[in-house]
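Everything below concerns the one structure shown next.
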Amino acid sequence: MKRFLVIFCMSVIASSSVLAGENKAGGDKVKDHLQNHYKFYGFIRNYFAYDSRESVSGTSDLFYYLPKDRDLNELGEDMNAKSSFRFLSITSRLGVDVSGYRVGRTDFGAKVETDFYCMNSTTATLRLRQAYMTIGWKDLPMNGSSKAAVSLKLGQAWHPLAADLPDVISLASGCPFNPFSRTPQVTMDASLGKNFILTASVLYQMQYVSAGPSGSTADYMKYGVIPEFYAGVTYRTGGLLARAGVDILSIKPRWKGEITVDGLASPVTETKVSDRITTFSPFVYLQYVKGDFAVKAKTVYGSAGEHINLMSGYGVTAKYDGKSQDGHWEYAPLHSSSSWMTVSYGRKLQGVLMLGYMQNFGSSKQLLNVDGAVDPSDIYFNKNGFKNLISMYRIVPTIIYNIGKFSLGLEYEVTSARYGNGESYNVWGLSACGMHWVTNHRVQAMAKFTF
């Protein structure tokens with residue numbers, strides 16, 4: 001990554017000197033090449049954020065998920081009811097788009113994008129955000145006068161379920177009401193005429209991964225061999241865009257287990273097992289834009305959607321570890337519905353309102369239990385969430401003032417989560433006793449200069 005940053009900065013310096021008008025031999029050709037094929041971009045962004053209570057958040061608390069449950073001491077005080085404030089500029093970004101290369105009828109392009117990521121409050125690390133190449137073919141014949149176009153994207157990019165984002169200034173971009181993941185993939189978009197686009201993707205896990213018996217790791221997909229699949233269709237006409245699709249995930253939570261065998265030096269021995277869980281997560285997205293007015297909405301029915309940052313997961317339904325059994329476990333996904341809507345108006349002075357709601361439905365199949373109680377360790381949930389989370393909503397009014405390339409934003413974010421008490425779960429993986437709400441009020445200001 002350091003090597004990339006050095007090369008990137010040298011490229012920016014070289015392009016700047018050329019564009020400044022150096023009259024060296026061949027300078028005009030270099031200048032034209034850079035202008036025609038390379039577009040450097042980025043921004044410097046500062047956040048000021050206040051929270052009324054302790055919450056789950058990342059990137060030095062700038063990437064916000066949800067308020068933490070109550071933590072009552074012996075005096076009845078909620079130890080998580082503590083306010084906090086931070087001021088950071090670690091989310092600044094650099095990128096370059098490459099386009100305009102053609103061999104025969106085939107177009108080639110690329111994108112490399114990096115920003116800063118902070119695991120703690122003291123160190124910011126440069127990281128890979130997006131890095132992919134594109135291959136495309138235009139004006140392919142169809143029936144009648146219509147033309148088709150096909151493009152391939154290979155590399156790390158936005159997950160197809162996460163690509164349509166709400167209009168907020170928050171770093172989390174509506175997560176966890178909106179899926180959030182950038183991941184390695186091969187994606188094909190086929191434009192059929194002016195109105196329809198068919199999309200198919202093969203994806204792999206890297207930064208955003210599934211949960212399981214060994215924690216959160218990409219090993220469940222690695223040893224499951226089968227990649228993640230996505231298929232979707234987009235319809236667009238005028239200011240209307242409608243998109244629907246489904247994400248299919250098949251992972252192997254364990255590839256080795258234990259069985260009991262008589263006659264061995266140790267009756268319990270390790271063995272290979274056939275564990276697997278396959279899930280389907282459909283979604284619908286709608287968008288209408290007319291002039292300075294825009295309305296967007298998305299709903300996702302998540303099944304074990306923790307790998308795309310949805311508040312979900314899966315649980316164990318059976319264990320075959322006994323004598324004369326093969327040692328495998330069976331699983332069922334936890335289902336959840338995550339939805340959001342934004343309405344925005346304006347250009348120089350822009351007003352935005354976001355509404356989000358999440359509901360945990362539990363499992364459609366009874367989980368492994370003893371007398372109706374499920375062991376919490378047999379439920380694998382989003383690492384940034386809580387297994388006793390039942391539902392959640394968010395209301396976010398935002399004002400943005402744009403002055404050329406400089407933007408100022410002010411956002412008031414109210415996030416309320418409903419929890420069940422303790423770690424007692426019924427056969428559906430729900431903690432339904434002692435339900436209560438906790439609420440965080442976040443006031444966030446942003447200053448951003450785009451170049």
Side-chain angles (χ1 to χ4, degrees), residues 56 65-70 161 175-180 208-213 215-216 220 246-251 253-254 275-284 298-320 328-340 356-394 415-438:
V56 180
Y65 287 98
L66 76 167
K68 291 183 178 180
D69 196 3
R70 298 181 307 194
L161 259 68
C175 179
F177 301 91
N178 187 67
F180 193 99
Y208 304 98
V209 296
S210 295
S216 296
Y220 309 128
V246 61
D247 184 67
I248 305 171
L249 179 70
S250 185
I251 59 174
R254 301 184 314 146
D275 293 29
R276 183 172 293 278
I277 178 174
T278 302
T279 61
F280 300 84
S281 297
F283 87 105
V284 175
K298 182 191 287 188
T299 184
V300 183
Y301 186 75
S303 296
E306 76 282 1
H307 69 294
I308 49 177
N309 265 304
L310 296 178
M311 288 297 148
S312 186
Y314 60 98
V316 179
T317 59
K319 295 182 179 181
Y320 297 95
H328 84 279
W329 295 1
E330 294 181 355
Y331 310 86
L334 302 179
H335 302 289
S336 66
S337 173
S338 301
S339 306
W340 60 265
Y357 184 77
M358 187 284 298
Q359 179 69 49
N360 182 8
F361 297 116
S363 173
S364 56
K365 184 178 180 181
Q366 289 191 8
L367 302 183
L368 180 65
N369 65 91
V370 177
D371 297 328
V374 174
D375 186 340
S377 65
D378 286 338
I379 298 176
Y380 312 117
F381 205 74
N382 186 319
K383 66 178 181 179
N384 296 306
F386 298 93
K387 299 174 185 178
N388 62 331
L389 178 66
I390 299 167
S391 59
M392 179 169 54
Y393 71 83
R394 179 174 293 172
T415 304
S416 290
R418 183 168 59 168
Y419 292 100
N421 281 338
E423 291 191 344
S424 176
Y425 304 93
N426 61 25
V427 296
W428 311 110
L430 293 171
S431 178
C433 61
M435 292 187 291
H436 56 278
W437 290 91
V438 296

Worksheet item: When rounded to the nearest 0.5 angstrom, what is the spacing between CD1 in Ile308 and CG in Leu161?
Response: 5.0 Å

Item to complete: Indicate whether the side chain of Tyr419 and that of Asp69 have a donor and an acceptor atom separated by less than 3.5 Å.
Response: no

Practice prompt. Evaluate whether atom NZ of Lys383 has more than 12 neighbouring non-hydrogen atoms of other residues, nucleotides or ligands under 6.0 angstrom away.
Written response: no

Discussion item. If you apply the rule side-chain hydrogen bond (donor to acceptor under 3.5 Å, both in side chains), what do you find for Tyr393 with Ser416, and how did you get there?
Written reply: CA-CA 5 Å; Tyr393 71 83; Ser416 290; 3.2 Å; yes

Discussion item. For a quick test of reading the model, state the closest non-hydrogen atom pair linking Ser339 to Thr299 and the distance between them.
Written reply: OG-OG1, 2.8 Å

Discussion item. Looking at Ser312 and Leu334, would you say the former's side chain and the latter's main chain have a donor-acceptor pair under 3.5 Å?
Written reply: yes

Discussion item. If we ignore hydrogens and angles and just use 3.5 Å, is the side chain of Thr317 paired with the main-chain N or O of Glu330 as donor and acceptor?
Written reply: yes

Item to complete: Could you list the residues that satisfy ring pair (Phe, Tyr, Trp, His ring centres under 6.0 Å) with Tyr314, not counting sequence neighbours?
Response: Tyr331, Tyr380

Discussion item. Given 3.5 Å as the limit, does a donor-acceptor pair link the side chain of Asn388 with the main chain of Gly420, or not?
Written reply: yes

Response to the item:
Output for pair (Leu430 CG, Ser363 OG), nearest 0.5 Å, gives 9.0 Å

Fill in: His307 side chain reached by Thr279 side chain, heavy atoms, under 4.5 Å
no

Worksheet item: Of all residues at least two apart in sequence or in a different chain, which pass the ring pair (Phe, Tyr, Trp, His ring centres under 6.0 Å) check with Tyr208?
Response: Phe180

Worksheet item: Going through the checks in order, is the side chain to side chain contact (heavy atoms under 4.5 Å, CB included) test met by Ser250 and Arg276?
Response: CA-CA 7 Å; Ser250 185; Arg276 183 172 293 278; 3.0 Å; yes

Worksheet item: Can you tell me how far the OH atom of Tyr301 sits from the OG atom of Ser338, to the nearest 0.5 Å?
Response: 11.0 Å

Worksheet item: Which heavy-atom pair separates Leu66 from Gly385 by the least distance, and what is that distance?
Response: CD2-CA, 4.4 Å

Worksheet item: Hey, what do you get for CZ (Arg254) to CH2 (Trp329), rounding to the nearest 0.5 Å?
Response: 4.5 Å

Practice prompt. Find out whether Lys298 and Asn178 are in side-chain contact, i.e. whether some heavy atom of one side chain is under 4.5 Å from a heavy atom of the other.
Written response: yes

Discussion item. What I'd like to find out is whether the side chain of Pro333 reaches to under 4.5 Å of the side chain of Phe280, using heavy atoms alone.
Written reply: no

Fill in: Close side-chain approach of Asn309 to Pro176, heavy-atom, < 4.5 Å
no

Practice prompt. Please examine the side chains of Gln359 and Ile390, heavy atoms only from C-beta on, and report whether any two atoms are closer than 4.5 Å.
Written response: yes

Practice prompt. Evaluate the side-chain proximity of Glu306 to Phe381: yes if any heavy-atom separation is below 4.5 Å, no if none is.
Written response: no

Worksheet item: Just one of Phe177, Phe283, Trp340 clears the side chain to side chain contact (heavy atoms under 4.5 Å, CB included) bar with Val300, so which one?
Response: Phe283

Item to complete: Check Phe361 against Ser337 and note the closest heavy-atom contact, atom names and distance.
Response: CE1-CB, 3.5 Å

Discussion item. For a side chain to side chain contact (heavy atoms under 4.5 Å, CB included) check, start with the C-alpha distance between Leu367 and Ile379, then their side-chain angles and the critical distance, and finish with the verdict.
Written reply: CA-CA 9 Å; Leu367 302 183; Ile379 298 176; 4.2 Å; yes

Response to the item:
Nearest heavy-atom approach of Tyr65 to Met392 is O-SD, 4.4 Å

Item to complete: Can you see which heavy atom on Ser210 is nearest to which on Tyr220, and at what distance?
Response: O-CE1, 3.5 Å

Item to complete: Determine whether Ser281 and Leu249 make a side-chain contact, defined as any pair of heavy atoms from C-beta on separated by less than 4.5 Å.
Response: no

Worksheet item: Looking only at atom types and distance, does a side-chain atom of Asn360 sit under 3.5 Å from a main-chain N or O of Leu389, one as donor and one as acceptor?
Response: yes

Discussion item. Quick check: closest heavy atoms across Asn384 and Met311, and the distance to 0.1 Å?
Written reply: O-CE, 3.7 Å

Worksheet entry | Side chain Arg394, main chain Cys175, donor-acceptor under 3.5 Å | yes

Worksheet item: Considering only heavy atoms from C-beta outward, does the side chain of Ser391 approach that of Tyr357 to under 4.5 Å?
Response: yes

